[in-house]
Structure formats: C-alpha cells, structure tokens
Amino acid sequence: ANPFIGFGTKVFFNQTEGLKDALMHIILQFSWGLCLDESQYSVFCVDEAHLLILAGETAKMMEQFVRRSRKYKNATIIATQEPHDFADSKVLTSGKAMFNSSTYKVIMHLEKDGVNDLTKLTKLTDGERNLIGKFKMGDAILIAGNRRIPISIKVTDDMFKMIA
C-alpha cells in the first residue's frame, strides 16, 4: 500500500562523469514524476547529497524539485555531512535556494570550516556558531522558520539494536 523505491548509486563511482550525470538525471526525472503527484503524499529522500548537488546540472534540477515539492504533497529530505555540498561556488545559488526552501533544518556538530560554509547559506549568531562547534553526539539546533531551538536527540537501547 505504501511503496518504497530506493536507488543504490554505488555502481556510479566507476562510471565516466557523463554517464554518471545521465543516470542521475534519469533518477531525478523518474522521482519527479512519482513524487510530484498531487493525488498522494510522498517523501523524496537524498542521502549523500554531494552526489547530486555537485554533479553536472543536477543541482539545478534538485533546486526546482525542492522549491516545488511542497505544492504537490511531497516532503523532501536532503542529508549531508558537509554544508560545503551546498555552499560550493559552482552551486551556491542553487544550494542556498534549496537550503532556504527547507521548512525544517537540523544542524549538528560541525568543524570550523563547516560552520563557515553554513554561514554562506543562513545567518547564524556568534553564539550559534560557537555552540555548533561544541556539540556532542546527538546535540543539534532545529531551525523551524524563524525559530532556532537547541535539541538533544536521545537513542534508546532498542533503537541501537534496530540499526546494529
């Protein structure tokens, strides 16, 4: 009743840039068709965002997807360990648009370079910059609109067993 479709892109690493870009384009076009169907709710989730953001023209495609998806009953989740994926000079305009189109952002520990890249995407106070650099595992800032809420994510033993 609730289909889940996943794309494993590990095999792309051994392909030429042109073929990799073409395959990513096909995946995005296919996903676009499925997720932007107004008749049902959907979620589009991208892990390892650098594979799409920094590859060819896919940053612009992702930008359009993120900007338009909420109008089509879609929640888009984009995960990266590096804000630089969005702040790289090649994709900064698209990266900033994607970042700012997000209703919720969860920012966890970052090193100084990561915090500097993050400031290219959103405004941070000096206190927030310092806090992000000192976060321990599970600590984060949840940005919801104009609100910035420090949070701590706790994982139970049962949750650890599920991912082990």
Side-chain angles (χ1 to χ4, degrees), residues 6-7 9-10 12-13 17 20-21 24-25 27-28 31-32 35-36 41-160 162-164:
F7 296 97
T9 58
K10 192 182 332 182
F12 291 9
F13 292 117
E17 282 300 310
K20 187 176 3 178
D21 290 349
M24 291 291 194
H25 181 85
I27 288 172
L28 281 175
S31 300
W32 183 280
C35 292
L36 300 185
Y41 290 99
S42 62
V43 175
F44 179 70
C45 184
V46 176
D47 191 14
E48 302 292 345
H50 66 278
L51 295 174
L52 286 174
I53 303 305
L54 298 175
E57 292 295 310
T58 55
K60 290 178 186 166
M61 290 179 70
M62 281 292 299
E63 175 190 348
Q64 288 304 308
F65 194 98
V66 170
R67 286 178 184 247
R68 296 182 62 200
S69 67
R70 287 180 291 179
K71 299 171 190 159
Y72 293 90
K73 298 181 183 178
N74 175 264
T76 301
I77 301 168
I78 302 175
T80 185
Q81 294 176 358
E82 294 292 335
H84 188 72
D85 297 347
F86 295 89
D88 186 281
S89 60
K90 296 180 292 190
V91 296
L92 182 59
T93 300
S94 293
K96 192 169 187 166
M98 281 183 268
F99 195 87
N100 289 327
S101 293
S102 301
T103 305
Y104 302 102
K105 301 165 195 81
V106 177
I107 300 168
M108 302 179 98
H109 173 79
L110 294 170
E111 298 297 331
K112 186 176 181 178
D113 289 346
V115 174
N116 290 339
D117 283 329
L118 186 60
T119 60
K120 294 177 185 177
L121 302 168
T122 192
K123 292 180 181 172
L124 296 172
T125 66
D126 289 339
E128 289 169 334
R129 281 190 205 105
N130 291 330
L131 191 61
I132 292 167
K134 294 177 183 175
F135 278 154
K136 303 289 185 231
M137 187 179 294
D139 293 339
I141 292 177
L142 171 65
I143 300 176
N146 293 328
R147 298 186 67 183
R148 291 157 185 263
I149 307 159
I151 62 172
S152 184
I153 301 166
K154 303 293 182 194
V155 180
T156 66
D157 289 337
D158 289 338
M159 291 175 180
F160 271 122
M162 289 185 345
I163 61 173

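Every heavy atom of this structure was used, including side-chain atoms; hydrogens, water molecules and symmetry mates were not. Everything quoted here is computed from the prediction, not taken from an experiment.
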*Can you tell me how far the CZ atom of Phe44 sits from the CG atom of Asn74, to the nearest 0.5 Å?*
8.5 Å
*Nearest heavy-atom neighbours spanning Pro83 and Gly114*: CG-O, 3.5 Å
_Is it the case that atom CD in Gln64 sees more than 12 heavy atoms from other parts of the structure closer than 6.0 Å?_
yes
*Within 6.0 Å of OH in Tyr41, more than 12 heavy atoms from elsewhere*: no
*Return the minimal non-hydrogen interatomic distance between Ile153 and Met108, and the atom names on each side.*
CD1-CE, 4.0 Å
*asked:* How close do Leu92 and Ala87 get, counting heavy atoms only, and between which atoms?
replied: CD1-CA, 3.6 Å
_With side-chain contact (heavy atoms from CB on, under 4.5 Å) as the criterion, how do Met98 and Thr76 come out once you've worked through the C-alpha distance, each side chain's angles and the decisive distance to 0.1 Å?_
CA-CA 10 Å; Met98 281 183 268; Thr76 301; over 6 Å; no
*asked:* What's the separation between atom CZ in Phe86 and atom CG in Leu118, rounded to the nearest 0.5 Å?
replied: 11.0 Å
_Pair listing, salt bridge (charged side-chain N to carboxylate O under 4.0 Å, His left out) test, anchored in residues 121-134, at least two apart_ = Asp126-Arg129, Glu128-Arg148
*Taking atom types as modelled, find out whether Thr156 and Lys154 have a side-chain donor-acceptor pair closer than 3.5 angstrom.*
no
_From Asp113 atom CG to His84 atom NE2, the distance as rounded to the nearest 0.5 Å_ = 9.5 Å
*Going through the checks in order, is the side-chain contact (heavy atoms from CB on, under 4.5 Å) test met by Ile132 and Leu124?*
CA-CA 10 Å; Ile132 292 167; Leu124 296 172; 4.1 Å; yes
*Would you give the length of the straight line joining atom CD1 of Ile151 to atom CG of Leu142, rounded to the nearest 0.5 angstrom?*
5.0 Å
*asked:* Using every non-hydrogen atom in the two residues, find where Cys35 and Ser42 come nearest and quote the distance to one decimal.
replied: O-OG, 3.0 Å
*Supply the atom-to-atom distance Asp47 CG to Ile78 CD1, rounded to the nearest 0.5 angstrom.*
11.0 Å
*Shortest non-hydrogen contact from Thr119 to Asn116?*
OG1-O, 2.6 Å
*Quick one: closest heavy-atom pair of Phe12 and Ile27, and the distance?*
CZ-CD1, 3.8 Å
*Drop me the distance from Ser69's OG to Met62's CE, to the nearest 0.5 angstrom.*
9.0 Å
*State whether Lys60 and Glu63 are salt-bridged, where the test is any N-O pair (Lys NZ or Arg NE/NH1/NH2 against Asp/Glu carboxylate O) under 4.0 Å.*
no
*Take the angle between the ring planes of Trp32 and Phe65 and call it parallel below 30°, perpendicular above 60°, tilted in between.*
perpendicular
